[in-house]
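The block underneath contains the structure these notes are about, expressed in structure tokens.
In what follows, chains carry the letters A, B, and so on, assigned in the order in which the sequence lines appear, proteins first and then strands, with residues in each chain numbered from 1.
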2 protein chains.
Amino acid sequence: MSIDPPGFELPLRLFLGFRVLIDDLHAELARQGHPHARPMHGFAMQAIGVNGTTAVELGRTLGVSKQAAGKTIETLERLGYVERARDPHDTRRKIVRLTPSGVDMLVCSARIFDELRARWAVVIGEERLRELEADLRKVTPPDVFRLDVPGWFGTS
Amino acid sequence: MSIDPPGFELPLRLFLGFRVLIDDLHAELARQGHPHARPMHGFAMQAIGVNGTTAVELGRTLGVSKQAAGKTIETLERLGYVERARDPHDTRRKIVRLTPSGVDMLVCSARIFDELRARWAVVIGEERLRELEADLRKVTPPDVFRLDVPGWFGTS
DNA sequence: CACGATAGACAACCAGGTTCACTATTACGG
DNA sequence: CCGTAATAGTGAACCTGGTTGTCTATCGTG
């Protein structure tokens, strides 16, 4: 026996839905030449965007410290997904930009996410899926980044 | 500008929905005398259940190594949510059981989750919420534990 | 009764986060 | 025009939660 109220299932299903999508994405990404991509990388690179950014800015966007953002950038750099260059107008800053490989990873992700969404549409119907998205939009903050992934898991 | 296909929003919304619920839960749990509870703890304690379990078993249920389960149990023990006792029938085993405080935390969580779900029902309608849950059930694995929280984030 | 399987614990390591402290550079006000 | 405050990046020390590998104690069985 377990304590099992109706309300307990909702967060679990939301998380499982998220996890299923992310797992499938990365299985497919691995097949398409990006075996080292991690969920975090996708979020960070989406936040970096095609115009580039800096460590401080990325940290603010993702809701983590600039040091943590710096570590993430280092990792992405090691994987060849981004590169850094000094800003000529402000030599303190280092602009982080996606490499072609990074752009490719993002393009692949976009395509795969579309395919996964289409697969869901087949299972539950396009109409219901649109309703599901609309409903989630109503109960979640509009700000799509600031996942604060560490926050809900991390240090007190 | 960013790479922003329709499919990209879905996982984000699912995760944000999850996060909103979990954040609200823990804000409320803190107010109700459980300020040290973490998301992980709730999952683990739900998996431990009122009948108790062992480290190996808990690890299997949660989809992590027995060592990781052991560490989690240690933490929960330090917080006073569980206690361990040797199994008289098999002195290798140590049965982990919820303390009254642990049960209280789970009971509080159950009540709060119900309240949060009711709040969602007000926003999007009870009917739509039921549909949302039903649709998610169709696209997620039936096995509600095995979140593999580390898995989608962790080491390759 | 010996030997394989199991439960738990310990160590070393990794990833990703935090804070504190420091340097280099830029921006600004007296 | 210069001294000072603010900002960008980095490094170090630490925390949490995970991993694998190894070791011991106990159980169960041929």
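- Nearest approach of A:Thr72 to A:Ala44, heavy atoms of both residues: CG2-CB, 3.8 Å.
- Residue pairs satisfying the salt bridge (charged side-chain N to carboxylate O under 4.0 Å, His left out) criterion with at least one member in residues 41-57 of chain A, sequence neighbours excluded, are listed as follows: A:Glu57-A:Arg93.
- Listed nucleotides D:dA8, C:dT18, D:dT20 differ in distance to B:Gln67; the shortest reach to its side chain belongs to D:dT20.
- One distance of note links CG of A:Leu14 with CG of B:Leu132; it measures 6.5 Å at 0.5 Å rounding.
- Looking at the side chain of B:Lys71, the nearest of the listed nucleotides C:dA9, D:dT10, D:dG18 is D:dG18.
- The ring-ring contact (aromatic ring centres under 6.0 Å, His included) search around B:His34 returns B:Tyr81, not counting sequence neighbours.
- Rounded to a whole Å, the CZ atom of B:Arg78 is 11 Å from the C1' atom of D:dC15.
- Atom pair B:Glu57:CD and C:dA7:C1' shows a separation of 12 Å (rounding to whole Å applied).
- Taking the side-chain hydrogen bond (donor to acceptor under 3.5 Å, both in side chains) definition, one finds that B:Glu28 meets it with B:Arg31, B:Gln32, sequence neighbours left out.
- Contact annotation: A:Ser65 side-chain N/O to C:dT18 OP1/OP2 distance is under 4.0 Å.
- Going from atom CG of B:Leu62 over to atom C1' of D:dT19 covers 16 Å, rounded to whole Å.
- Taking atom CD1 of residue A:Ile95 and atom C1' of nucleotide D:dT7, one finds them 14 Å apart after rounding to whole Å.
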Check your understanding: Going through the distances and angles, do B:Arg92 and B:Arg86 end up as a side chain to side chain contact (heavy atoms under 4.5 Å, CB included)?
Key -> CA-CA 7 Å; B:Arg92 291 171 305 177; B:Arg86 285 229 106 97; 5.5 Å; no
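- Across every non-hydrogen atom of B:Pro141 and A:Val20, the tightest pair is CD-CG2, 3.5 Å.
- Taking atom CD1 of B:Ile73 as the reference point, atom P of C:dG8 lies 8 Å away to the nearest angstrom.
- In this structure, A:Arg86 reaches neither bases nor backbone, as no heavy-atom distance under 4.0 Å exists between it and the strands shown.
- Taking the C1' atoms of five terminal pairs at each end of the helix from C:dC1-D:dG30 to C:dG30-D:dC1, the two resulting helix axes are inclined by 0°, rounded to 10°.
- Between A:Phe43 atom CZ and C:dG16 atom C1' the separation is 15 Å, expressed in whole Å.
- Here A:Thr54 lies in heavy-atom contact (under 4.0 Å) with sugar-phosphate atoms only.
- Put simply, CE on B:Met40 is 17 Å from P on D:dC15, counting in whole angstrom units.
- In plain terms, the two heavy atoms of B:Ala47 and B:Leu62 that are nearest each other are CB-CD2, 3.8 Å.
- A salt bridge does not link B:Arg13 to A:Glu133: none of the charged nitrogens lies less than 4.0 Å from a carboxylate oxygen.
- You'll find that the side chain of B:Lys66 is closest to C:dA7, out of C:dT18, C:dG16, C:dA7.
- Residue A:Ala68 is in base contact, counting any heavy-atom pair closer than 4.0 Å across all strands shown.
- Listed by residue number, the members of residues 87-94 of chain A with any heavy atom below 4.0 angstrom from DNA chain D are A:Arg92, A:Arg93, A:Lys94.
- We find that CZ of A:Arg60 is positioned 10 Å from C1' of D:dA8, with the value rounded to whole Å.
- The list of salt bridge (charged side-chain N to carboxylate O under 4.0 Å, His left out) pairs with a residue in residues 118-127 of chain A, not counting sequence neighbours, reads A:Arg117-A:Glu126, A:Glu126-A:Arg130, A:Glu127-A:Arg130.
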